[in-house]
Amino acid sequence: MLDYKRLLTRVREVVSEVDAQSSLRPQIDALGVTVHEQAGAARFADAHTIETKGGLRLQADKIIICTGGVNRRLPIPGFELTSTHSDAWNLTSVPPSMLVIGAGATGVQVASIFNALGSRIQLFEAGQRILATEDESVSAAAAAAFRESGMVVQENFGTIESFEKTATGVRMNYSKGGQRFSAEARLAVVAVGWMADTAGLNLAEAGVELNERKFIKVDEYLRTSAPHIFAAGDIIGRMMLVPQAIQGGFVAASNAVQGPTLPLLLEDEVAPTGSFTEPEYAQVGLTEAKARQAHDIKTAVVNFDSTTRTIIDGRKFGFCKLVVDRKTCKILGCHVIGERAVDIAEVAAMAIAAGMRVDDLARIPLSYPTYAGILVNVAVKAAHELGLAIGWQAHQAA
């Protein structure tokens, strides 16, 4: 039986250690940077002055905004009865049941984790498929796996009309095709979008403008409409992920100190993404559908039930898929679902960033048996089907 309190204790221990060892705090302190902790919410008093609810008032020639994002709220009756994914992570006990509304990366992660912990999960997606930014084959496989694990997955479920309190939790009322439906659970977690956390910043006082999506408008140097103020991370609404936030912070700080000399390059950026759900999934580059819009492509797929390491580990669900340009033989995309999917996609990202042909990847004699070797196995299959000579590697299994 799961000891959830013990699990939470372990989580706090890990978070504390990560914060102490991986947050760059020793380097920050060594550089003489002053860190104001628990200062309270900050806002602009004028274009060069920041003040906080804790009474702190700071002036600066240059300012960088990195306040991140917040959950999107829906203008629906009873929405105050719902919870966010952050609320879910802070639960002190596992709810017996949960509605998860929104099946993008965040919603699927919440659903997957609490399903594993024993909650009865109903996952709702208004669009045609869950994980809409993933390759269609990955989305379909993930939905099938979630259903097999006991989740109720409803895609294209309709329109939410309201939430209401019940004796044991919350009810979601929704409609589709003129019919009304409802679903109940102890908790309803809504994850339908991520917005810039700008509401309390008083940006107008500083001359900082928002774009049409309500994120802070920046140029290639991450300067806002006020040239001495920069912004980075989720608040600018680009790829809202940790690696991109770190890159953006470096670019913004460099340009604030040295002048606008370092652009944030987004064109042709190789950016692997994925999530540590059950099953894990990941991608890098173009999906098959997007690749077909501009390329004559070849796809190759190797299923995890036919690869040595997955058989050894008993993790036979999933596949690895490569999308290759027939003319140049270069790898355009990689899509994986199953054990170590993120690790596999990151190896593919290096191959794509290096501009490797699929036959070049197929010739690399990776260690055996490994998960990374699955990627080479798919490359071998793609190269063979494209009629490319790859030598002895053609006969090696992953």
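We use all heavy atoms of the structure for the numbers below, so side chains are in, but hydrogens, waters and symmetry mates are not.
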Roughly how far, to the nearest 0.5 Å, is [atom2] of [Y] from [atom1] of [X]?
X      : Y      : atom1 : atom2 : answer
Ile236 : Leu264 : CD1   : CG    : 6.5 Å
Lys321 : Gln283 : NZ    : CD    : 11.0 Å
Arg171 : Glu184 : CZ    : CD    : 4.0 Å
Ile331 : Asp359 : CD1   : CG    : 9.0 Å
Gln247 : Arg238 : CD    : CZ    : 12.0 Å
Gln293 : His295 : CD    : NE2   : 10.0 Å

| Parallel, tilted or perpendicular: rings of Trp89 and Phe114 (30°, 60°) | parallel

| request: Evaluate the ring planes of Phe79 and Phe163, with Trp represented by its six-membered ring, and classify them as parallel (under 30°), tilted (30 to 60°) or perpendicular (over 60°). | output: perpendicular

Do [X] and [Y] have side chains that approach each other closer than 4.5 Å (heavy atoms only, starting at C-beta)?
X      : Y      : value
Ile65  : Leu203 : yes
Arg340 : Arg315 : no
Phe146 : Asn115 : no
Val358 : Lys298 : no
Phe317 : Ile337 : yes
Glu51  : Arg43  : yes
Thr224 : Phe230 : no
Ile229 : Phe44  : yes

| query | Between Thr84 and Asp87, is a side-chain hydrogen bond (donor to acceptor under 3.5 Å, both in side chains) present by the stated rule, with each step listed? | reply | CA-CA 5 Å; Thr84 68; Asp87 297 328; 3.2 Å; yes

For the side chain of [X] and the backbone of [Y], is there at least one donor-acceptor N/O pair under 3.5 Å apart?
X      : Y      : value
Ser83  : Ala88  : no
Thr52  : Ala39  : yes
Ser162 : Pro77  : no
Asn255 : Leu262 : yes
His48  : Ala60  : yes
Glu220 : Pro263 : no

Take atom [atom1] in [X]; do more than 12 heavy atoms of anything else shown fall under 6.0 Å from it?
X      : atom1 : result
His384 : NE2   : no
Arg72  : CZ    : no
Arg326 : CZ    : yes
Lys214 : NZ    : no
Gln27  : CD    : yes
Arg186 : CZ    : no
Asp61  : CG    : no
Arg213 : CZ    : yes

| field | Salt bridge flag under 4.0 Å for residues Glu17 and Arg10 | value | no

| message | Taking the basic N atoms (NZ, or NE/NH1/NH2) and the acidic carboxylate oxygens, is any pair closer than 4.0 Å for Arg129 and Glu155? | response | no

| request: Quickly, which of Val336, Thr307, Asp343, Asp313 forms a side chain to side chain contact (heavy atoms under 4.5 Å, CB included) with Tyr371? Name it, please. | output: Asp313

| task | Could you point out which residue of Val270, Leu361, Leu286 forms a side chain to side chain contact (heavy atoms under 4.5 Å, CB included) with Ile352? | result | Val270

Between [X] and [Y], what is the shortest heavy-atom contact and its length?
X      : Y      : result
Ala231 : Val218 : CB-CG1, 4.0 Å
Ala185 : Ser97  : CA-OG, 3.3 Å
Val170 : Leu81  : CG2-CB, 4.1 Å
Ala382 : Val324 : CB-CG2, 4.3 Å
Met98  : Pro95  : CE-CG, 3.7 Å
Ser225 : Gly207 : OG-O, 2.8 Å

Group every Ile, Leu, Val, Met, Phe, Trp and Tyr by side-chain heavy-atom contacts under 4.5 Å, then state whether [X] and [Y] land in the same group.
X      : Y      : answer
Leu123 : Val94  : yes
Leu222 : Val208 : yes
Ile63  : Ile28  : no

| task | Before giving the answer on side-chain contact (heavy atoms from CB on, under 4.5 Å), spell out for Leu7 and Leu117 the whole-Å C-alpha distance, their side-chain angles and the decisive distance to 0.1 Å. | result | CA-CA 11 Å; Leu7 172 63; Leu117 293 175; 4.0 Å; yes

| message | Does Ser306 form a side-chain hydrogen bond (donor to acceptor under 3.5 Å, both in side chains) with Asn303? I'd like the steps, not just the answer. | response | CA-CA 6 Å; Ser306 64; Asn303 293 317; 6.0 Å; no

| From CA spacing to verdict: side-chain contact (heavy atoms from CB on, under 4.5 Å), Leu322, Val302 | CA-CA 9 Å; Leu322 283 179; Val302 167; over 6 Å; no

| task | Would you check, one step at a time, whether the test side-chain contact (heavy atoms from CB on, under 4.5 Å) holds for Glu134 with Thr287? | result | CA-CA 7 Å; Glu134 300 300 313; Thr287 64; over 6 Å; no

| query | Are a donor atom and an acceptor atom from the side chains of Gln109 and Ser275 found within less than 3.5 Å of each other? | reply | yes

| task | State whether a side-chain donor-acceptor pair under 3.5 Å links Ser16 with Asp19. | result | no

| query | Quick one: are the ring centres of Phe181 and Phe157 less than 6.0 Å apart? | reply | no

| side-chain contact (heavy atoms from CB on, under 4.5 Å) between His36 and Ile50, worked out | CA-CA 12 Å; His36 299 279; Ile50 299 292; over 6 Å; no

| task | Among Asp234, Asn71, Thr106, find the one that has a side-chain hydrogen bond (donor to acceptor under 3.5 Å, both in side chains) with Trp194. | result | Asp234

| Trace of the salt bridge (charged side-chain N to carboxylate O under 4.0 Å, His left out) decision for Arg292 with Glu136 | CA-CA 13 Å; Arg292 288 192 186 283; Glu136 290 186 23; over 6 Å; no

